[in-house]
Amino acid sequence: MKNILVVGSAGQIGSELTLLLRDIYGGDHVVAGVRKTKPSEKLTSTGPCEVVDALDKEGLLAVVKKYKIDAIVNMAAILSGTGEKNPMLAWDVNMNGLINILELAREHGMKQVVVPSSIAVFGPTTPVDNTPQETILKPTTIYGVTKVAGELIGDYYVKRYGMDVRGLRYPGIISHETLPGGGTTDYAVAIYYEAIKNKKYTCFVNEDTRLPMMYMPDCLKATVDLMQADFSDLNYHCDYNVGAMSFSVGEMAESIRKFIPEFEISYEPDFRQQIADSWPNSVDDGPARQDWGWKPDYDLDGMTADMLKAIGEKHEKGLI
Ligand code: AKB
């Protein structure tokens, strides 16, 4: 790959992935595709930035031509919470945006397309513990429906056109650089910010809610490792399970109390409780470990220490 376009560069994963890809491939070779006209200083100062919309194929094409793009990472998506509020928007962005990118890649003979998936592909009838790679995919959210369809259409492009399309089923991603937006697992980021700012948090899912989660450094490592894996080693393409941690909200609160003993948590479950209840507790990522050597580095307390330190520093500087 010579020139990569990251669509959705201003988002939670996109913002950090773009910077990491620039470290690896060189700033000039990684174009940050953002929807807003004022991207962060970190994105604009380390390489090219363009305003792109996954739904605007002509606009994407102009950027592809301008920078001789030969790989696209599509991080643009409407997540589970926002998706339930606006199902048609989720369908439009997640499906039509994806098909625009796959078609552009096909028409221009691109070397690789990365299409993220999610634990949202699973549903209430999927086995909840150690959810296998191959299992029941009957999600009950529009986001999950688009993610199942995204995996299938990506695999179709591999089979039908011999293209290199890859993707991971991300668990909830926890990070302190860019806030997530509109997801069900957002509580697992908000809890740290509120612990630092107010020493208390009211969570929108209940204490026993247990989901697969991953800290951003592991998320970035998984994404880049999959991108760099030999295509011939891949037994799957757009749907690799990747696990790292599995914990309940109560266990998160306990972990935070090891650093902030006075931290208090209360619970006011909303519509996202049902979404969380339809997802697994943990996933079996054996194929990812076997095919491209996936292995996470962080556990809950290691992540908590890191998150509280980073957010604490932001707070001291008056940035949050
Ligand atoms: C969401 O909560 O919608 C996302 C996801 C698990 O894909 N973070």
Side-chain angles (χ1 to χ4, degrees), residues 8 10-17 73-87 89-91 93-95 97-98 114-124 126 128 131 135 137-151 154 167-193 203-206 209-216 218-220 222-223 226 238-249 252 269-283 285 296 303 307:
Q12 186 196 14
I13 301 177
S15 57
E16 297 199 43
L17 183 63
V73 179
N74 178 29
M75 288 291 163
I78 299 295
L79 301 184
S80 56
T82 307
E84 288 316 294
K85 289 185 184 151
N86 196 342
L89 177 69
W91 179 265
V93 172
N94 298 359
M95 294 316 309
L98 173 60
V114 179
V115 291
S117 187
S118 158
I119 53 161
V121 295
F122 304 121
T126 306
V128 285
T131 301
T135 187
L137 302 181
K138 283 192 165 196
T140 46
T141 61
I142 187 70
Y143 174 61
V145 170
T146 64
K147 287 293 158 189
V148 174
E151 289 183 355
L168 304 163
R169 288 176 177 154
Y170 290 116
I173 303 298
I174 297 167
S175 66
H176 52 76
E177 191 63 39
T178 307
L179 286 173
T184 300
T185 58
D186 292 8
Y187 68 83
V189 175
I191 192 171
Y192 289 116
Y193 277 84
C203 189
F204 58 76
V205 295
N206 67 36
T209 304
R210 176 180 295 278
L211 288 171
M213 297 281 180
M214 184 182 279
Y215 193 31
M216 184 59 90
D218 279 334
C219 167
L220 297 176
T223 309
L226 176 64
C238 300
D239 56 358
Y240 273 103
N241 277 3
V242 276
M245 304 176 228
S246 162
F247 46 75
S248 68
V249 187
M252 280 196 99
D270 67 13
F271 72 100
R272 288 166 285 190
Q273 182 68 56
Q274 218 184 345
I275 301 177
D277 289 345
S278 75
W279 291 348
N281 294 336
S282 58
V283 299
D285 56 9
M303 174 177 73
M307 283 290 287

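Whatever order the structure lists ligands and atoms in, that order sets their numbers, starting from 1.
Applying side chain to side chain contact (heavy atoms under 4.5 Å, CB included) to Lys147 and the options Cys238, Pro139, Ser118 leaves one that passes, Ser118.
If you look at Ser80 next to ligand 1, the close heavy atoms, those under 4.0 Å, come from the backbone and the side chain alike.
Nearest protein neighbour of atom 4 (C) of ligand 1, counting heavy atoms only, is Thr185 OG1, 3.9 Å. Looking at atom 2 (O) of ligand 1, its nearest protein heavy atom turns out to be Thr184 N, 2.7 Å. Protein heavy atom closest to atom 5 (C) of ligand 1, with residue, atom name and distance, is Ser118 OG, 3.5 Å.
Taking the six-membered ring where the residue is Trp, Tyr143 and Trp279 present tilted rings, their angle falling between 30° and 60°.
Rounded to the nearest 0.5 Å, atoms OG (Ser80) and CD (Gln274) are 12.5 Å apart.
Taking 4.5 Å as the limit, some side-chain heavy atom of Ile142 sits within range of a side-chain heavy atom of Trp91.
The contact set between ligand 1 and Leu79, taken as ligand atoms under 4.0 Å from a residue heavy atom, comprises 3 (O). Close approach of ligand 1 to Trp279 (heavy-atom distance below 4.0 Å) involves ligand atoms 1 (C), 2 (O), 3 (O), 6 (C).
A salt bridge does not link Arg272 with Glu84: every distance from a Lys NZ or Arg NE/NH1/NH2 to an Asp or Glu carboxylate oxygen is 4.0 Å or more.
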